[in-house]
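Below is one structure, written out as structure tokens, with a few remarks after it.
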Amino acid sequence: MRIDGGKVFVDGVFKDANILCEGETISAVCYRKGIAAFPHHEAFDARSCYVIPGLIDLHFHGCMGHDFCEGTHEAFHALCSYEASRGVTSVCPATMTYPEEKLSHIMTQAASFAPAPHESALVGINMEGPFISHGKIGAQNPAYVQPCDANMIRRLQALSGGLIKLVDIAPEERGALEFIREMHDEVCISLAHTCADYQQACDAFEAGACHVTHLCNAMPPLLHRAPGPIAAAFDASHSTVELICDGIHIHPAMVRCMFGLFGDDRIVLVSDTMEATGLEDGSYELGGQEVFVHGKEARLAAGALAGSVSDLMTCLRCAVQDMNIALESALKAATENPARVLGLDNERGFIKPGYFADFVVLDKNLEIKQVFIRGKELL
């Protein structure tokens with residue numbers, strides 16, 4: 001396969017280039033030279049288009065009436081098929097706050113799952129709970145919140161075949177710092193659903209935490225005399241932070257502030273979608289609780305936000321077109337940065353020789369024209 005004539009996103013900028021693929025991987029990126037030497041390659045005309053790496057979503061729960069926590073291959077296929085159609089070629093879905101027995105089943109099923117050729121790759125699991133705070137519970141189920149347990153994570157990791165990439169915790173809770181010190185070399189530890197103040201968050205980052213789940217949501221705000229975990233994350237220069245740019249979770253001005261504060265090397269765009277994504281308004285479920293969806297909002301009966309219904313490509317488009325984030329910055333946050341967080345930046349998130357041939361062709365309005373999954377055209 002050969003992709004000709006596009007503006008290709010390479011090394012953080014767009015360049016006039018052609019891409020050559022052999023099997024599932026990229027064999028060469030040619031800057032308008034050398035293409036004539038490969039006449040046997042089938043060509044896709046990408047003129048007047050952007051060619052970007054396939055997006056990587058490291059925090060979402062479901063879509064098309066299915067949730068990752070169903071723990072079935074049927075659900076996993078539905079998720080990976082829909083995500084691929086939206087240009088998200090690698091996924092790291094999130095669990096909810098559940099007891100170990102249910103989480104064990106999910107991990108076992110994920111370990112044996114293999115995506116179809118037209119589906120996104122399942123590259124990890126993000127454990128959003130159960131080690132969180134009752135004070136910032138969000139849409140999680142308070143009945144199953146528990147203290148951090150390193151042995152539990154190791155048991156689940158063994159069942160998953162090593163798929164657990166992130167574990168979310170509230171660092172102010174009992175035993176959290178000890179957990180971070182013990183586990184930070186085994187998984188990426190993220191601050192989430194937390195009431196932590198600035199110093200408690202700083203202590204967590206010093207102990208080895210390196211990420212923040214949906215920054216600004218389910219945590220104390222950034223205040224001038226109580227800066228909280230947001231400022232602590234800024235001071236911890238090794239940390240990365242998630243933003244949900246669906247136009248609901250965070251005001252556009254705050255999104256611009258966070259990009260200005262952290263820079264586009266440290267921000268990861270995520271969708272946090274739940275099972276209603278891709279479907280009509282109505283009543284759905286997340287983490288065993290009823291969720292009501294109207295337009296772009298998904299809320300519990302009490303009014304709390306319960307994930308989103310905007311896939312990652314929609315969030316990227318919103319960040320650029322409605323929030324005035326530079327396209328190059330938004331793309332880094334949806335491709336390169338999540339690949340680094342997941343430890344997959346040697347094979348995904350970039351258009352480079354030897355990497356998986358996962359990329360998306362977009363028109364000038366950032367609408368999808370074609371998706372390539374492991375070197376094959378999808379649409």
Side-chain angles (χ1 to χ4, degrees), residues 55 57-70 74-75 78-88 91 93-98 126 128-129 132 134-143 168 192-193 213-219 221 242-256 258 268-325 330 334 365-368:
L55 306 190
D57 197 346
L58 58 72
H59 186 164
F60 80 107
H61 297 276
C63 55
M64 297 304 292
H66 289 280
D67 189 285
F68 180 66
C69 286
E70 291 173 32
E74 177 186 3
L79 268 58
C80 291
S81 177
Y82 178 80
E83 293 298 317
S85 75
R86 303 303 304 140
V88 183
V91 296
T95 58
M96 294 289 285
T97 296
Y98 281 119
N126 181 345
E128 188 184 7
I132 58 176
H134 283 279
K136 290 290 184 180
I137 198 69
Q140 303 282 337
N141 192 331
D168 300 358
H193 291 272
T213 297
H214 45 51
L215 190 75
C216 302
N217 295 110
M219 65 185 62
E242 300 174 5
L243 290 179
I244 307 171
C245 294
D246 61 349
I248 302 297
H249 278 77
I250 313 176
H251 191 280
M254 184 60 78
V255 171
R256 291 190 291 274
M258 293 302 102
V268 176
L269 294 189
V270 299
S271 69
D272 199 17
T273 55
M274 47 83 67
E275 65 175 36
T277 305
L279 302 176
E280 298 178 349
D281 291 358
S283 174
Y284 296 91
E285 184 178 301
L286 179 65
Q289 301 185 83
E290 189 173 16
V291 177
F292 300 92
V293 174
H294 179 71
K296 294 175 66 176
E297 296 189 17
R299 294 184 180 272
L300 300 179
L305 285 171
S308 89
V309 291
S310 296
D311 61 77
L312 187 57
M313 185 64 77
T314 300
C315 289
L316 184 147
R317 192 180 301 115
C318 180
V320 174
Q321 297 177 343
D322 300 333
M323 299 176 173
N324 295 322
I325 302 301
N365 295 317
L366 307 185
E367 297 292 340
I368 297 173

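H214 and H249 have their aromatic ring centers separated by at least 6.0 angstrom.
Closest approach of P142 to H134, counting heavy atoms only: O-CE1, 3.1 Å. In this structure, C245 and C318 approach most closely via the heavy-atom pair O-CB, 3.4 Å. For the residue pair M274 and A306, the shortest heavy atom distance occurs at CG-O, 3.4 Å. Closest non-hydrogen pair, K136 versus A218, comes out as CB-O, 3.7 Å. Shown here for I137 and I132, the closest heavy-atom pair between the two residues is CD1-CD1, 3.9 Å. Nearest heavy-atom pair across E290 and F292 is CD-CZ, 3.5 Å.
Atoms CG and OG, from L316 and S271 in turn, are 12.0 Å apart once rounded to the nearest 0.5 Å. L286 CG to M96 CE: the interatomic distance, rounded to the nearest 0.5 Å, is 3.5 Å. Taken from CD1 in I244 to SG in C216, the straight-line distance is 10.0 Å, to the nearest 0.5 Å. Between the CG atom in L305 and the CG atom in N217 there is a gap of 7.0 Å [rounded to 0.5 Å]. For the atom pair NZ of K296 and CG of D281, the computed distance is 13.0 Å after rounding to the nearest 0.5 Å. Atoms SG and CD, from C69 and E128 in turn, are 9.5 Å apart once rounded to the nearest 0.5 Å.
With Q140 contributing its side chain and G287 its backbone, the two residues share no donor-acceptor pair below 3.5 Å. N126 places a side-chain N or O within donor-acceptor distance of the main-chain N or O of L58, the cut-off being under 3.5 Å. Counting only distance, with no hydrogens or angles, the side chain of Q321 and the backbone of N365 share a donor-acceptor pair below 3.5 Å. A side-chain donor-acceptor contact under 3.5 Å links S85 to the backbone of Y82. Using modelled atom types, one side-chain atom of T273 and one backbone atom of G62 make a donor-acceptor pair closer than 3.5 Å. In this structure, the side chain of Q289 engages the main chain of A139 through a donor-acceptor pair within 3.5 Å.
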request  = Would you check, one step at a time, whether the test side-chain contact (heavy atoms from CB on, under 4.5 Å) holds for D57 with V270?
outcome  = CA-CA 6 Å; D57 197 346; V270 299; 3.9 Å; yes
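With contacts defined as side-chain heavy-atom distances shorter than 4.5 Å, the pair L300/V291 qualifies. The shortest side-chain heavy-atom distance between E275 and L279 does not fall under the 4.5 Å cut-off. L79 is not listed as a side-chain neighbour of V91, based on a closest heavy-atom distance of 4.5 Å or more. With a 4.5 Å cut-off on side-chain heavy atoms, H193 and D168 do not count as touching. A 4.5 Å side-chain heavy-atom check between V88 and F60 finds every atom pair outside the cut-off.
By the 6.0 Å contact criterion, CD on E74 is open, its count of non-hydrogen atoms from other residues, nucleotides or ligands being 12 or less.
For the side-chain contact (heavy atoms from CB on, under 4.5 Å) test, residues two or more places apart in sequence or in another chain that qualify with T314 are R86, S310, D311, R317.
Tested against S308 for a side-chain contact (heavy atoms from CB on, under 4.5 Å), the candidates V293, I248, D246 yield a single pass: D246. Of the residues listed (D272, D67, T95), the one engaging H61 in a side chain to side chain donor-acceptor pair (under 3.5 Å) is D272, and it is the only one.
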